[in-house]
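Order of listing sets the numbers, starting from 1, for every ligand and every atom in it. What you see is a predicted model, and the numbers here were worked out from it, not measured in a lab.
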Amino acid sequence: MRYISTRGAAPVLGFEDVLLAGLARDGGLYVPETWPTLSPEDLRAMRGLSYSEIAVRVMLPFLGGSIAEDDFRAMVEDAYGTFGHRAVTPLVQLDRRTWVLELFHGPTLAFKDVALQLLGRLFDHVLAKRGERVTIVGATSGDTGSAAIEACRDRENVDIVILHPKGRTSEVQRRQMTTVLSSNVHNVALEGTFDDCQDLVKGMFNDTAFRDRVNLSAVNSINWARIMAQIVYYVASAVALGAPDRKLAFVVPTGNFGNVYAAYGAVRMGVPIERLVVGSNSNDILARFFESGAMTARDVMPTLSPSMDIQISSNFERLLFDLLGRDGAAVEAAMRRFRSEGSFAVTDAQLAEALALFSGHRVDEAGTMATIADTARTCAYTVDPHTAVGVASAAASGVDPALPLVVLATAHPAKFPDAVEKATGRRPALPPRLADLYEREERLTVLPNDLATVQAFVTERSRAAGGRA
Ligand SMILES: Cc1ncc(COP(=O)(O)O)c(C=O)c1O
Ligand SMILES: N[C@@H](CCOP(=O)(O)O)C(=O)O
């Protein structure tokens, strides 16, 4: 299995190098040169298997033989053994045809754990084999950060620096990151938005000398391995609901486009998904794209679903690569235009191709609150504000009523207790292992939105660069 960059000018890599590389050296994102496929027989043979076994079968082709199957199976079983539900990602039925796919049973209560629990183990395995050490720098709007910290804390060969936008996450999200006091974990509260954090991370990857000096790696969904691990729950839930003999649709609360791109990956592999509904909050750049074919950035506004307060959706570039006929130079030109002019557009034919599978929907703050309240009242089920964007988008999606509709529950309601309490009158409790979260000591560094300042901070904390941990 070989991986190519969406901008067409970076070295072609195998799985282990893609895992460690993060962003490609031409600024693009890695994608498989060709998609492996799952035949109808492969899908039928997955019925009744454990999540871990399905995960091994889905992901093995992406490894291209670089990791022995038994070693990989052990990592997968260990990763999903940390989840608080035997099914790992259980389905809960809300009404006749609507299901919720609960992705929040991992250690940090959001869907990020599904990929990052595995990534932590993959990093360990590959770095130990190579005798290398990496410095991970990640950007978070609230959930990737804690999941990555939990996956990488105390790992001998990894130092991790997480940038979060100061004051723009929920308190639970912030404390889940800043109360981890391991010596290899460093939290930065950046004076800016999530988009600023992500821009700094990309800036560090694009500074080749810096990137090589600290041996930079990524935990954001720019890292291909994140996408690979997220494809699994689309396959597992589709099979549980009757695939390949029954088609279905998914509704995905979306920010950085990683999760819904993983759903697109499942489609490319042969899972019979008829429609992908992209749910946005008021930061609706994706909904506007699916309406007009133009990607036009606006200022980010804080919402009740802060993890989706994003205007530059990194992974859209992976879809764009396919829409533009896998022409790296065309992607590079579109991205350059987006950076300089804040906008680019696809042709009508390219938009029509996207709309054959995707549709966009936006949900405002009042709609989010009303959905949390209605779902609690009518289904006796509590959703967090991100999942509420999905549930509201499902209701308005117009997807063929004969199809099962699966809404991704991306976070546990206890991560956003204020919004949930306001909508339902009941405050969701944190699980017992996090019950003292508000009493724990916090450690973080506030930094300005300035690349040189953040790079100096990272270098000083990078053992790969000879700094102190
Ligand atoms: C709870 C939650 N829901 C939805 C999203 C959006 O997912 P994606 O960025 O993969 O589109 C995020 C952040 O990524 C999140 O943390
Ligand atoms: N919502 C995310 C933003 C980063 O997304 P990622 O999937 O690229 O890691 C978060 O919670 O940090």
Side-chain angles (χ1 to χ4, degrees), residues 22-23 29 101-104 106 108-116 119 136-149 151 162-165 168-170 172-174 176-177 187 190 193-199 201-202 218-227 229-231 233-234 250-265 276-281 283 285-287 300 303-319 358 360 363 368 383-391 393 407-416 419:
L23 203 66
L29 278 70
L101 180 62
E102 291 186 340
L103 300 174
F104 52 68
T108 69
L109 311 179
F111 78 98
K112 310 292 180 166
D113 289 320
V114 180
L116 284 163
L119 246 70
I136 289 172
V137 182
T140 189
S141 52
D143 291 324
T144 296
S146 55
I149 286 170
I162 294 293
L163 315 179
H164 72 265
R168 288 175 179 254
T169 68
S170 79
V172 173
Q173 287 179 310
R174 189 194 71 238
Q176 280 183 302
M177 297 187 276
N187 278 288
L190 192 89
T193 64
F194 168 77
D195 288 334
D196 296 325
C197 297
Q198 181 156 255
D199 209 40
V201 170
K202 289 188 174 175
V219 280
N220 282 107
S221 52
I222 54 175
N223 188 325
W224 166 256
R226 279 276 311 275
I227 305 294
Q230 290 178 219
I231 292 173
Y233 47 74
Y234 290 100
F250 286 93
V251 185
V252 189
T254 304
N256 223 4
F257 209 77
N259 206 357
V260 75
Y261 181 78
Y264 172 78
L276 294 173
V277 181
V278 173
S280 300
N281 64 21
N283 297 294
I285 185 167
L286 292 165
V300 179
T303 70
L304 293 162
S305 43
S307 303
M308 287 159 42
D309 291 347
I310 297 174
Q311 283 287 293
I312 316 290
S313 303
S314 267
N315 281 279
F316 188 82
E317 179 167 340
R318 287 186 162 119
L319 177 66
F358 292 92
V363 181
T368 302
V383 291
D384 93 288
H386 304 77
T387 308
V389 168
V391 172
S393 301
V407 180
L408 272 60
T410 49
H412 192 288
K415 288 193 101 163
F416 306 94

(request) For D143, take its heavy atoms, then give the atoms of ligand 2 lying under 4.0 Å from any of them. (result) 10 (C), 11 (O), 12 (O)
(request) For D384 and H386, indicate whether the former's side chain and the latter's backbone hold a donor-acceptor pair under 3.5 Å. (result) yes
(request) Examine ligand 2 and decide if any of its atoms is less than 4.0 Å from a heavy atom belonging to H164. (result) no
(message) Tell me whether S141 reaches ligand 2 (any heavy atom closer than 4.0 angstrom to a ligand atom).
(response) yes
(message) Can you name the atoms of ligand 2, numbered from 1 with element, that are less than 4.0 Å from a heavy atom of R226?
(response) 6 (P), 7 (O), 9 (O)
(request) Apply the test side chain to side chain contact (heavy atoms under 4.5 Å, CB included) to residues N315 and I227: give CA-CA distance (whole Å), side-chain angles for both, the deciding distance (0.1 Å), then the verdict. (result) CA-CA 10 Å; N315 281 279; I227 305 294; 3.7 Å; yes
(message) With a cutoff of 4.0 Å, is G142 in contact with ligand 2, counting heavy atoms of the residue only?
(response) yes
(message) Quick test: of every protein heavy atom, which one is nearest to atom 9 (O) of ligand 2, and how far off is it to 0.1 Å?
(response) T144 OG1, 2.6 Å
(message) Would you say N283 and D309 are linked by a side-chain donor-acceptor pair, where the criterion is simply a distance under 3.5 Å?
(response) yes
(request) State which residue, out of R174, K415, K112, fulfils the salt bridge (charged side-chain N to carboxylate O under 4.0 Å, His left out) condition with D143. (result) K415
(request) Using distance alone, determine whether N315 and ligand 2 share an N or O pair under 3.5 Å. (result) no
(request) Keeping the roles fixed (side chain from T387, backbone from T410), state whether a donor-acceptor pair exists under 3.5 Å. (result) yes
(request) Take Y261 and S313, measure what side chain to side chain contact (heavy atoms under 4.5 Å, CB included) needs, and give me the verdict at the end. (result) CA-CA 11 Å; Y261 181 78; S313 303; over 6 Å; no
(request) Indicate, as side chain, backbone, both or neither, the part of K112 found under 4.0 angstrom from ligand 2 when only non-hydrogen atoms are considered. (result) side chain
(message) Using a 3.5 Å distance criterion without hydrogens, assess whether the side chain of T140 forms a donor-acceptor pair with backbone atoms of G145.
(response) yes
Could you check ligand 1 for N or O atoms lying under 3.5 Å from protein N or O atoms and list the pairs with distances?
unit_1, atom_1, unit_2, atom_2, d
ligand 1, 3 (N), T410, OG1, 2.8
ligand 1, 9 (O), N256, N, 2.7
ligand 1, 10 (O), G258, N, 3.3
ligand 1, 10 (O), N259, N, 2.9
ligand 1, 11 (O), G255, N, 2.7
ligand 1, 11 (O), N256, N, 3.1
ligand 1, 11 (O), F257, N, 3.0
ligand 1, 14 (O), K112, NZ, 2.4
ligand 1, 16 (O), D143, OD2, 2.5
ligand 1, 16 (O), S307, OG, 3.4

(request) Look at the side chain of N223 and the backbone N and O of A225, then say whether any donor-acceptor pair between them is shorter than 3.5 Å. (result) yes
(request) Mind running side chain to side chain contact (heavy atoms under 4.5 Å, CB included) on V260 and L286 for me, showing each step along the way? (result) CA-CA 12 Å; V260 75; L286 292 165; over 6 Å; no
(request) Kindly compute the distance separating CG (L101) from CZ (F111), expressed to the nearest 0.5 Å. (result) 11.5 Å
(request) Assess whether side chain to side chain contact (heavy atoms under 4.5 Å, CB included) is satisfied between F316 and I285, documenting all intermediate values. (result) CA-CA 11 Å; F316 188 82; I285 185 167; over 6 Å; no
(message) How long is the straight-line distance from CD1 of I136 back to CD1 of I162, given to the nearest 0.5 Å?
(response) 8.0 Å
(message) With a heavy-atom distance limit of 4.0 Å, tell me whether N256 approaches ligand 2 through its side chain, its backbone, both, or neither.
(response) side chain
(request) Give the residue, atom name and distance (to 0.1 Å) of the protein heavy atom nearest atom 6 (P) of ligand 2. (result) S221 OG, 3.4 Å
(message) Could you tell me, atom by atom, which parts of ligand 2 come under 4.0 Å of a heavy atom of T140?
(response) 10 (C), 11 (O), 12 (O)
(request) Could you list the atoms of ligand 2 found under 4.0 angstrom from a heavy atom of F194? (result) 3 (C), 4 (C)
(message) Geometry only, no angles: is Q198 polar-contacting ligand 2 at N/O separations under 3.5 Å?
(response) no
